[in-house]
Chemist: 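What follows is a single structure, and I will ask about it in a moment.
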Protein chains: 2
Amino acid sequence: MLKEDSFSVTQDCSDCPIRHRAVCARCESDELERLEDIKYYRRFEAGQTVIWSGDRMDFVGSVVSGIATLTQTMEDGRTQMVGLLLPSDFVGRPGRNTAAYDVVATTDMVMCCFRKAPFEDLMERTPHIAQRLLQMTLDELDAAREWMLVLGRKTAREKIASLLSIIARRDASLNFGGLDGPVTFDLPLTREAMADYLGLTLETVSRQVSALRKDGIITLEGKRHITVPDMSLLLEEAGDDTDGGMLV
Amino acid sequence: MLKEDSFSVTQDCSDCPIRHRAVCARCESDELERLEDIKYYRRFEAGQTVIWSGDRMDFVGSVVSGIATLTQTMEDGRTQMVGLLLPSDFVGRPGRNTAAYDVVATTDMVMCCFRKAPFEDLMERTPHIAQRLLQMTLDELDAAREWMLVLGRKTAREKIASLLSIIARRDASLNFGGLDGPVTFDLPLTREAMADYLGLTLETVSRQVSALRKDGIITLEGKRHITVPDMSLLLEEAGDDTDGGMLV
DNA sequence: GTCCGGTCTTGATCTGTGTCAAAGCTGACT
DNA sequence: AGTCAGCTTTGACACAGATCAAGACCGGAC
């Protein structure tokens with residue numbers, strides 16, 4: 001279950017600042033009005049595991065700001081990140097989930113609760129929203145499968161390039177920036193988190209990031225601020241000339 | 001698009017031999033009757049790619065017999081299998097799919113076509129079936145995420161053990177067999193296909209299968225017929241003591 | 001300022017898996 | 001029966017990435 005004391009309601013949803021891909025009081029007001037249910041913000045603080053593997057999800061929500069990760073763990077402690085939650089991403093599903101949600105940076109979410117179970121409501125009362133939910137789930141499935149290719153077949157350098165291009169793309173689309181000129185963004189993950197995502201060690205991540213810098217594919221300011229002079233070069237490094245959307 | 005000449009209608013669905021997890025004329029007759037649409041068998045022959053990456057899926061169906069795989073490919077030819085279709089599995093989704101479906105062994109499917117687009121029909125006319133579709137998609141997503149852990153963090157030996165235990169479990173559940181005593185099954189995949197699934201080379205697969213045999217975890221008759229004397233030993237090798245369901 | 005913990009980089013070495021190569025097996029076809 | 005092609009096994013070696021270890025950097029607490 002959600003640990004009730006790990007977050008707090010901060011404000012009403014009415015000034016939701018960004019467009020959400022899922023359900024959101026601002027952007028989908030006409031659809032959600034009819035649900036007549038509660039919409040509100042919740043804030044999750046960094047460093048917490050807010051949903052545990054095996055928890056039942058009794059809500060739907062959309063990320064407004066911050067970043068969280070979805071992680072699978074083995075008994076001996078090995079972990080694999082299986083998803084990244086960035087602003088505009090949707091959270092929530094019927095039944096139990098199998099991965100743990102860890103908050104990396106303070107994250108605000110728009111939560112939508114329902115009088116009945118959220119998913120019964122969604123399916124019965126608003127089939128068109130249910131259809132969107134299905135579409136988003138399928139998108140996540142596609143993303144997971146593309147990531148399987150990254151994990152199974154790409155080299156360390158290609159993996160790093162893949163991750164950077166995903167984050168760059170996500171960032172650009174949120175800020176309505178283009179991918180033609182240089183792209184600049186802040187890396188929201190530590191080297192260790194990147195390693196967890198890519199099935200590598202943090203040392204290898206560090207080395208490969210340095211290598212990409214030496215080769216002029218990326219520029220670093222500090223540890224986290226990255227500029228990509230030419231996205232097509234990065235995509236080439238990723239072994240990924242299709243510039244179609246990848247990942248979550 | 002489905003290559004229309006790559007399969008043929010063989011018989012009516014009325015004698016559908018197995019229970020399907022998805023939609024099936026026999027098992028869900030009351031639900032599907034109301035759709036008043038065509039249900040029929042189609043046979044796909046081994047060695048074909050029947051659906052290509054980027055194809056639009058204009059049908060839903062369920063595997064009756066045979067085996068097919070879902071594969072992602074890079075431009076340089078590296079491939080990663082991202083899903084396995086075994087009897088009782090469901091196929092079909094709105095929109096385009098990103099992976100190619102390859103038929104490994106002659107596969108019969110129950111196809112359900114609709115007067116309108118299949119997924120509009122599903123969502124609008126039968127929300128309870130739509131809900132099942134969502135649930136199945138989520139199950140696939142869970143499976144994909146568990147597989148990401150396998151690909152990213154497990155050793156070759158653990159990967160082999162994971163794959164074998166998945167197939168053993170699927171096989172046992174289809175044949176209503178238990179997992180307590182010895183489990184026997186036929187490996188439906190070549191060493192190369194196993195390697196594609198596991199992000200390994202076929203040589204490594206061969207070596208690790210031999211190693212598991214030498215260590216008494218499995219017994220081989222011929223190349224493909226496998227007996228697992230004690231499933232718990234195999235699960236331990238997989239680094240996977242939870243005997244919960246994995247993968248597709 | 002100094003200390004300190006967390007993060008990141010770099011180096012040296014080790015090892016698991018890939019690569020290349022050769023040969024064994026098995027079933028299908030003539 | 002022989003032969004052939006596809007699949008599989010096994011060996012020798014190479015190399016990418018892991019592991020172990022030492023420091024560098026950087027921001028916050030005091």
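Here the structure is a predicted model, which is why all the values come from computation and not from measurement. By convention in this document, chain letters (A, B, ...) are assigned in the order of the sequence lines, proteins followed by strands, and residues within each chain are numbered from 1.
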Chemist: Whole angstroms only, please: what is the CD1-P distance between B/I160 and C/dT17?
Modeler: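 Result: 10 Å.
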Chemist: Without decimals, in angstroms, what is the distance between A/L202 CG and D/dA21 P?
Modeler: 15 Å
Chemist: Determine: side-chain N/O of B/S210 to OP1/OP2 of D/dT10, distance under 4.0 Å, yes or no.
Modeler: yes
Chemist: Quick one: is B/T190 getting a side-chain N or O under 4.0 Å of the D/dC7 phosphate, OP1 or OP2?
Modeler: no
Chemist: To the nearest Å, how far apart are B/K159 NZ and C/dG16 C1'?
Modeler: 11 Å
Chemist: Indicate whether OP1 or OP2 belonging to C/dC8 is found under 4.0 Å from a side-chain N or O atom of A/R224.
Modeler: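 Affirmative; the distance criterion is met.
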Chemist: Just the rounded figure in Å: distance from C1' of C/dG16 to CZ of B/R153.
Modeler: 15 Å
Chemist: Side-chain N or O of B/R191 versus OP1/OP2 of D/dT9: is the shortest distance under 4.0 Å?
Modeler: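 Answer is yes, contact under 4.0 Å.
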Chemist: Return the value, rounded to whole Å, for the distance between atom CG of B/L212 and atom P of D/dT9.
Modeler: 12 Å
Chemist: Check whether any side-chain heavy atom of A/T227 sits under 4.5 Å from a side-chain heavy atom of A/V183, and report yes or no.
Modeler: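 Counting from C-beta outward, A/T227 and A/V183 never come under 4.5 Å.
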Chemist: By the 4.0 Å heavy-atom rule, please label A/L200 as base, sugar-phosphate, or nothing.
Modeler: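 The answer is sugar-phosphate, as A/L200 gets under 4.0 Å only of primed atoms, P, OP1 or OP2.
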Chemist: Between atom NZ in B/K214 and atom C1' in D/dT10, what is the gap in whole Å?
Modeler: 9 Å
Chemist: Of the candidate nucleotides C/dT9, D/dG17, D/dT9, which contains the atom at the shortest distance from the side chain of A/T155?
Modeler: D/dG17
Chemist: What is the distance from atom CD of B/Q208 to atom CD of B/E158, rounded to the nearest 0.5 Å?
Modeler: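 Going from CD on B/Q208 over to CD on B/E158, the span is 10.0 Å.
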Chemist: With distance as the sole criterion, do the side chain of B/R213 and the base of D/dT8 form a donor-acceptor contact below 3.5 Å?
Modeler: no
Chemist: Below 4.0 angstrom from OP1 or OP2 of C/dT17, is there any side-chain N or O of B/T201?
Modeler: no
Chemist: What do the steps show when you test B/I166 against B/E146 for side-chain contact (heavy atoms from CB on, under 4.5 Å), and what is the final call?
Modeler: CA-CA 12 Å; B/I166 284 167; B/E146 290 215 38; over 6 Å; no
Chemist: Between A/L189 (CG) and C/dT7 (P), how many Å, whole number?
Modeler: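 Atom CG in A/L189 sits about 13 Å away from atom P in C/dT7.
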Chemist: Given that B/E203 and B/Q208 both sit by DNA chain C, which one's nearest nucleotide is further toward the 5' end?
Modeler: B/Q208
Chemist: Closest to the B/R207 side chain: D/dA18, D/dG11, C/dT17?
Modeler: D/dG11
Chemist: What is the distance from atom CZ of B/F185 to atom CD1 of B/I218, rounded to the nearest 0.5 Å?
Modeler: 7.5 Å
Chemist: Does a side-chain N-to-carboxylate-O contact under 4.0 Å join B/R170 and B/D89?
Modeler: yes
Chemist: CZ of B/R78 versus P of D/dA16: gap in Å, rounded?
Modeler: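 Atom CZ in B/R78 sits about 13 Å away from atom P in D/dA16.
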